[in-house]
Amino acid sequence: MRPDWDSYFMKIAYAVSERSTCDRAFVGCVLVLEKRILTTGFNGSPAGQEHCDEVGHLMVDGHCVRTIHAETNAIIQAALHGISTKGSTCYVTHLPCINCTKALINAGIVKIVYSTAYRTDENAMTFLKSANIELAQKEFKPE
């Protein structure tokens, strides 16, 4: 059976997450405009830097700071390649953190579709609501 668009892009986000190099959370993100993929991102270290799966985590206050989150990496890829993200939808395996939420707002994202509520940050929820960004949870079980 042919999947609906949300399921299709969420499946791709999970495929992208397989490239993650921080095993604390394998996160994938796909930015989409008018049913076309603009960019993808996964959580991993900055280009040319050692990865968690090579040298371990760099923990600060209970968070691994070695990696850039998937959403931020997708936005960076758009910037590197001159692709506007204004008006696009973010499909992401996990609910965005506060910093990714702020980046998505400033990138002009209008909708976020996620599967797993890894952590819920009330400030992030307030920011999304005040920015009029649609938030939808799409249950998805990767194969």
All heavy atoms of P96 vs all of L104, minimum pair found to be CG-CD1, 3.9 Å
Of I37, T89, V113, the one forming a side chain to side chain contact (heavy atoms under 4.5 Å, CB included) with V30 is I37
With heavy-atom distances below 4.5 Å as the criterion, would you say the side chains of M10 and S115 are in contact? yes
Here the pair of heavy atoms bringing C52 nearest to S45 is N-OG, 4.3 Å
Residues T40 and Q77: closest non-hydrogen pair is O-CG, 3.9 Å
Applied to residues 81-101, the ring-ring contact (aromatic ring centres under 6.0 Å, His included) test, sequence neighbours excluded, yields F9-Y91, H94-Y118
CG of L128 to CD of E134, rounded to nearest 0.5 Å, is 11.5 Å
Distance col, row I105:CD1 vs S130:OG, nearest 0.5 angstrom, shows 6.0 Å
Taken in chain and number order and not counting sequence neighbours, the residues that satisfy side chain to side chain contact (heavy atoms under 4.5 Å, CB included) with T21 are H51, D53
What one should report as the nearest heavy-atom pair of S88 and I109 is OG-CD1, 3.1 Å
Requested in this report: Side-chain contact test, heavy atoms from C-beta onward, threshold under 4.5 Å: evaluate it for I112 versus E71 and give yes or no.
Outcome: no
Nearest heavy-atom approach of T85 to A107 is OG1-O, 2.5 Å
For F26 and S20, the nearest pair of non-hydrogen atoms, with its separation, is CD2-CB, 3.6 Å
d(C90 SG, L135 CG) to nearest 0.5 Å is 10.0 Å
- Are side-chain heavy atoms of V27 and H69 found at a separation under 4.5 Å? no
